[in-house]
Number of protein chains: 2
Amino acid sequence: MSKSIFYHAGCPVCVSAEYDIINLVGQDNVEVVNIGEDRSRISEAENAGVKSVPALVTPNGNALHINFGASIIDVKG
Amino acid sequence: MSKSIFYHAGCPVCVSAEYDIINLVGQDNVEVVNIGEDRSRISEAENAGVKSVPALVTPNGNALHINFGASIIDVKG
């Protein structure tokens, strides 16, 4: 199985969800990307269908938005 | 690890998320509950902090709301 990608922006909602997702899916099965810090990956997230963070993009390409931390528009600033 | 519980109400958003979650977490690690059909479990979902479906309640008790299908208020009708 290829990895899922968990996009977040460092907000408290994101960090809480990150722990849960890593526990559920397994550390080795998910790449964690902070698009607040690694801004070069914002467009990659948008292309994957991410509208808000935290979000998990599954190996089959679906974007699952988890709870609601911040709109990607706000992250772009 | 105890099981997660995936609450949904049969809507298209829910069914799509259900497949993704089962693929990620593993069929044996998640109980799927349709609170549109099994209405006796609506109060259990509410007590777990579920505000909308689809939602995943993790073994440590966190409610992760995934995308947005339907408010639990609308499911209660």
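In what follows, chains carry the letters A, B, and so on, assigned in the order in which the sequence lines appear, proteins first and then strands, with residues in each chain numbered from 1.
- Both Ile35(B) and Val50(B) belong to a common hydrophobic cluster when Ile, Leu, Val, Met, Phe, Trp and Tyr are linked at side-chain heavy-atom distances under 4.5 angstrom.
- The side-chain heavy atoms of Leu24(A) and Leu56(B), taken from C-beta on, include a pair separated by under 4.5 Å.
- No single ILVMFWY cluster, assembled from side-chain heavy atoms under 4.5 Å apart, contains both Ile22(B) and Val57(B).
- With hydrophobic clusters built from ILVMFWY side chains whose heavy atoms lie under 4.5 angstrom apart, Phe6(A) shares a cluster with Val25(A).
- Per-residue heavy-atom pair counts under 4.5 Å with chain B were compared for Asp20(A), Thr58(A), Ile66(A), and the maximum is reached by Asp20(A).
- Contacts between Ala63(B) and chain A at a heavy-atom distance below 4.5 Å involve the backbone alone (N, CA, C, O).
- Residues Ile72(A) and Phe68(A) fall into different hydrophobic clusters, defined by Ile, Leu, Val, Met, Phe, Trp and Tyr side chains chained together at heavy-atom separations under 4.5 Å.
- Leu64(A) contributes atom CG, which lies 7.5 Å from atom OG of Ser16(B) (distance to the nearest 0.5 angstrom).
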